[in-house]
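Worksheet: one structure, shown below.
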Amino acid sequence: MRLATWNVNSVRARADRIVDFLSRQDIDVLAMQETKCADAKFPAERFTEIGYTIAHTGLDQWNGVAIASRVGLSDVRTSFPGQPGFAEPATAEARAIGATCASVRVWSLYIPNGRELGDPHYHYKLDWLGRLTSYAGEMLKQDPATRMMLVGDWNVAPLDEDVWDPELFVGHTHVSQPERDALTALAGTGFREVTRAFTPGPGTYTYWDYTQLRFPKRQGMRIDLAFASPALAPEVTGAAIDREERKGKGASDHAPVIVEIG
DNA sequence: ATGTCAGCTTGAAGCTGA
């Protein structure tokens, strides 16, 4: 199975590029983040007409996550148990969707940005990651052989080498110790990040800010990751970052990350 | 933060979020 995760930054603005990507890279399952539309506005026919089934959750112009699959798609869940909401009163956001595609339980995840250290959104981010880890641990406890992939835009750069200038990021989100500890805690359940081994750094990124000519200057961040359950991780045979998709007019600020399973 | 985007409100330019 060829599985990809991509923060598309608006599925409507990017539909042509996404469809082209699916065929160019021969993708079986695509997890999308930041679709930026309500369910009713999702351009589902662009996917169904080329053989993909869609599961999407989107409440408004913010967030929005989807899974497109041409190898089956069933048992859709539009949030994970315990997923926290934001603000007061806490309201659910469209940041997680799960579906079973072939023999793999796939979760498309858009982790909260955090905005600034100490911001309520930062605490929300840490809580969100903590609850996700609890859920992942519970799934492994129930079934140690579960075949699950947690993929998406994590908004955390796990290592200093995952940002082009670590000094510049001191005191900012995405690199703080609590955020990195949250990913380490997830790995502590047994889920393993499977893309780095095939896409070693330094200088290997999945996101480049639109401003400041970050992409041509090769100044990016590695924040789009894939965590595989213990049963599935040994079956991962490759991974790649499709930098081509960050080029040219109408690109998302994220590149797709492709994982080869089996 | 913003040498940039996207979507919304609203009626062209400003706001929010990233």
Side-chain angles (χ1 to χ4, degrees), chain A residues 5-21 31-44 46 56-66 84-88 90-96 108-129 151-158 162-176 179 182 205-225 241-257:
Chain A
T5 182
W6 191 6
N7 179 323
V8 295
N9 185 15
S10 171
V11 68
R12 288 176 290 171
R14 218 75 63 207
D16 288 345
R17 286 187 78 127
I18 298 167
V19 165
D20 288 349
F21 164 76
M32 288 171 267
Q33 300 85 39
E34 275 207 277
T35 58
K36 288 188 167 176
C37 67
D39 289 336
K41 293 186 174 180
F42 191 96
R46 296 299 308 274
H56 175 251
T57 181
L59 305 174
D60 51 29
Q61 72 268 43
W62 307 120
N63 314 306
V65 284
F86 182 58
E88 212 46 62
T91 51
E93 295 185 310
R95 292 183 179 275
S108 177
L109 305 168
Y110 179 43
I111 281 68
N113 172 287
R115 296 179 186 166
E116 289 175 41
L117 299 189
D119 190 287
H121 208 260
Y122 176 74
H123 298 294
Y124 169 51
K125 178 181 195 173
L126 295 177
D127 187 30
W128 209 98
L129 284 167
V151 304
D153 175 0
W154 297 76
N155 272 316
V156 178
D162 297 330
V163 297
W164 83 92
D165 183 358
E167 299 273 314
L168 208 59
F169 284 84
V170 172
H172 294 272
T173 61
H174 294 58
V175 301
S176 73
E179 290 166 271
Y205 309 125
T206 65
Y207 160 85
W208 300 261
D209 197 306
Y210 281 126
T211 69
Q212 310 284 137
L213 297 172
R214 292 297 186 213
F215 182 66
K217 290 180 179 171
R218 298 181 174 267
Q219 298 176 334
M221 309 173 77
R222 186 204 292 266
I223 55 178
D224 299 274
L225 307 166
I241 299 163
D242 190 355
R243 289 185 83 260
E244 291 302 306
E245 278 301 338
R246 184 59 180 81
K247 297 179 181 176
K249 192 170 165 56
S252 168
D253 42 2
H254 294 251
V257 178

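Here is how names work: the chains are called A, B, and so on, in the same order as the sequence lines, proteins then strands, and each is numbered from 1.
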Review point. Would you say the side chain of Val65(A) lies within less than 4.5 Å of the side chain of Leu109(A), judging by non-hydrogen atoms?
Key: no

**Study point:** Under 3.5 Å donor-acceptor pair, Thr211(A) side-chain atoms to dT4(B) base atoms
**Key:** no

Point to revise | Inter-nucleotide C1' distance (dG11(B), dG7(B)), Å rounded | key: 16 Å

Review point. Pick from Thr35(A), Val11(A), Val19(A): which one makes a side-chain contact (heavy atoms from CB on, under 4.5 Å) with Pro43(A)?
Key: Val11(A)

Review point. CD of Glu116(A) versus P of dA18(B): gap in Å, rounded?
Key: 12 Å

Point to revise | Axial cation check for Tyr110(A) ring with Arg95(A), 6.0 Å and 45° limits | key: yes

Exercise for review: For Phe215(A), answer base if it contacts any base atom (sugar-phosphate contacts may also be present), sugar-phosphate if it contacts only those atoms, and nothing otherwise; contact means non-hydrogen atoms under 4.0 Å.
Suggested key: nothing

Study note, to complete from the structure: Contacts of Arg14(A) and Gln212(A) projected onto DNA chain B by closest heavy atom; the upstream (5') one is Gln212(A)

Exercise for review: Check whether any side-chain heavy atom of Pro112(A) sits under 4.5 Å from a side-chain heavy atom of Tyr122(A), and report yes or no.
Suggested key: no

Practice item. Would you mind reading off the distance between Lys36(A) atom NZ and dC15(B) atom P, rounded to a whole angstrom? Key: 18 Å

Practice item. Please state whether the phosphate of dA6(B), meaning OP1 or OP2, lies under 4.0 angstrom from any side-chain nitrogen or oxygen of Arg12(A). Key: no

Check your understanding: How many Å lie between CH2 on Trp62(A) and P on dG7(B), as a whole number?
Key -> 10 Å

**Study point:** Whole-Å gap separating C1' (dT16(B)) and OH (Tyr210(A))
**Key:** 16 Å

Review point. Rounded to whole angstroms, how far apart are CG on Asp119(A) and C1' on dA18(B)?
Key: 13 Å

Point to revise | Gln219(A) CD - dT4(B) P separation (whole Å) | key: 15 Å

Check your understanding: Under 4.0 angstrom, heavy atoms only, what part of the nucleic acid is Lys41(A) near: base, sugar-phosphate, or nothing?
Key -> sugar-phosphate

Study note, to complete from the structure: Test side chain to side chain donor-acceptor pair (under 3.5 Å), reference Gln33(A), set Asn7(A), Asp153(A), Asp224(A), Thr5(A), output is Thr5(A)

Review point. Asn9(A) CG to dA6(B) P: how many Å, rounded?
Key: 7 Å

Check your understanding: What is the nucleic acid contact for Arg214(A), judged by heavy atoms within less than 4.0 Å: base, sugar-phosphate only, or nothing?
Key -> nothing

Revision key, fill the gap. Arg17(A) CZ to dC5(B) P, in whole Å, measures 12 Å

Review point. Taking the same atom, P, in dA13(B) and in dA1(B), what whole-Å distance lies between them?
Key: 26 Å

